[in-house]
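Structure first, commentary second.
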Protein chains: 2
Amino acid sequence: MKEGPDIAHIAALIGDPARANMLTALMSGKALTVSELAEEAGVTIQTASSHLSKLDDGGLLRPRKQGRHKYFALASDEVAHVLEGLMGLAAGSGYLRKRTGPRDAELRLARVCYNHLAGDMGTQMFDSLVERGHLVLDGEELELTEAGVAFATGFEIDIESLRKARAPVCRECLDWSERRSHLAGSLGRAFLGRFEELSWAKRDQKTRVVTFTRNGAEKFNKLFPVT
Amino acid sequence: MKEGPDIAHIAALIGDPARANMLTALMSGKALTVSELAEEAGVTIQTASSHLSKLDDGGLLRPRKQGRHKYFALASDEVAHVLEGLMGLAAGSGYLRKRTGPRDAELRLARVCYNHLAGDMGTQMFDSLVERGHLVLDGEELELTEAGVAFATGFEIDIESLRKARAPVCRECLDWSERRSHLAGSLGRAFLGRFEELSWAKRDQKTRVVTFTRNGAEKFNKLFPVT
DNA sequence: TTCATAGTTCGATCTTAGTCGAAGCATTGG
DNA sequence: CCAATGCTTCGACTAAGATCGAACTATGAA
């Protein structure tokens, strides 16, 4: 009864529809302004401002001021992770917000989950990396092997600079649609970044959908084969 | 805005203090009656009943009727997993319900997390198993190796009967205190059960604390060494 | 300076939902 | 059959908080 952290407080923060919409929008990984988030949530700017300060107080967001704009992003991978978990529960209990439409299918195939690739293609990438020994689970953490470093470097990802940042390089993250792990962390982000640089895929501006070109999908499947 | 599952609904379910207390109580893994949960949450039986039916509708609980009692348990490991994640966020943002007292230290050392061992000793067990190659992350799932099966069998755990049940044998679960993985799933449950059978440890009835005897702790450390 | 845009704060309104008393079922035990 | 226990349903009360209009602050541009 009075043991452990105050779970109700932060769950209540996520539990308001307007705030949940904002958080969902931020799952795209991009930092958004107050006005953008207000529109996303379907409320006025005043209420959005109020909601955002509450979320910030709860430690769920990381605000950044830039000129006369104020950008908000999710505070950490952990926040994103919990949100995905909640989506999994919501999807599982059939509480879908929208009837499964074409948009939903696209989301299941490939979407952005706080800066990295999720959905069917996300888990394919993860499985492929593990299968070929580029990633291994070492104790609590996912680790990049020698072979994995070589592989990433060959794909023109600079592992060293990733390692200098404080954020963990590899993390696993559970899909709400696939219920399987995919690669998060700064390496996950770097991969997605490269896909965009190479024009294999691009993110939809408004939704979390990631669309691969035909050519990009082919290259992707060649790079991340699964048995 | 209208993509993805309805995260707000189930977050709101968890977001009420009374319901959060109930869920936290159920993290012990035991099934509890309506009256017990009412007391745990500090509300009358009527309100508890109302809350529980909502939680059930949301798919978070698995009810079971037995005579004139109605027992509730968490619906799945996934629910427990999300709850642990929320505790991690709450603990991280400093929203502790209670000042860190002796009870809190005990909780961090060893506690029950939905039927399996969590806390410092839980992660030690997990790390040790992985380090010695008894567990490996294979794609999406945690898998028990040949060596792992032999090890468990040597500890008088019947892996075959576990495999017959539908529930996954191995799962990883994230600690809110340690922020590291520990072993969940039916195997995790089996290990904890054996500890109790051997009188190495026993669970506190009211809290989630698991107390090891001096002898039990020694045996435990010998069985699950870490470098 | 003046205007425009981005956000915040304040105050009033109004809906939602948590709460409990009381009555109603259901199951067990004499 | 009647009493006791465990739980659910109903109805009324209440409080918390989401919402927005309007006024206010801050930054940037002309």
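Letters A, B, ... mirror the listed sequences (proteins, then strands); counts begin at 1.
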TODO: Give the B/S/- string for nucleotides 3-13 of chain D, one per nucleotide from 5' to 3', where a protein heavy atom under 4.0 Å of the base yields B, of only the sugar-phosphate yields S, and otherwise -.
DONE: -BBSSBB----
Open item on the list: Looking at T44(A), I'd like to know whether one of its side-chain N or O atoms comes within less than 4.0 Å of OP1 or OP2 on dC20(D).
Closed with: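 For dC20(D), OP1/OP2 do have a side-chain N/O of T44(A) under 4.0 Å.
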Open item on the list: Going 5' to 3' along DNA chain C, between which two nucleotides do contacts with chain A fall, using a heavy-atom cut-off of 4.0 Å?
Closed with: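 Result: dA4(C) to dT9(C).
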Open item on the list: Below 30° counts as parallel, above 60° as perpendicular, anything between as tilted: where do the rings of H116(B) and H182(B) land?
Closed with: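 Tilted.
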Open item on the list: Tell me whether the rings of F195(A) and F220(A) are parallel (<30°), tilted (30 to 60°) or perpendicular (>60°).
Closed with: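 Rings of F195(A) and F220(A): perpendicular, over 60°.
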- [ ] Kindly confirm or rule out a cation-pi arrangement of R62(B) over F72(B), judged by NZ or CZ under 6.0 Å from the six-membered ring centre and within 45° of its axis?
- [x]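 That pair does not qualify as a cation-pi contact.
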- [ ] Report yes if some heavy atom in the side chain of I159(A) is under 4.5 Å from a heavy atom in the side chain of I157(A); otherwise report no.
- [x]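 Heavy-atom side-chain distance check passes, below 4.5 Å.
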Open item on the list: Any base atoms under 4.0 Å from K54(B), or only sugar-phosphate, or nothing? Heavy atoms, all strands.
Closed with: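 Since only primed, P, OP1 and OP2 atoms lie under 4.0 Å of K54(B), the category is sugar-phosphate.
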Open item on the list: Show me the pairs that pass salt bridge (Lys or Arg N to Asp or Glu O under 4.0 Å) and involve residues 13-25 of chain A, at least two apart or across chains.
Closed with: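 Residue pairs passing salt bridge (Lys or Arg N to Asp or Glu O under 4.0 Å), neighbours aside: none found.
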Inter-residue atom distance [X].[atom1] - [Y].[atom2], 0.5 Å rounding:
X: L37(B); Y: M22(B); atom1: CG; atom2: CE; result: 6.0 Å
X: K70(B); Y: S35(B); atom1: NZ; atom2: OG; result: 12.0 Å
X: I7(A); Y: T24(B); atom1: CD1; atom2: OG1; result: 5.0 Å

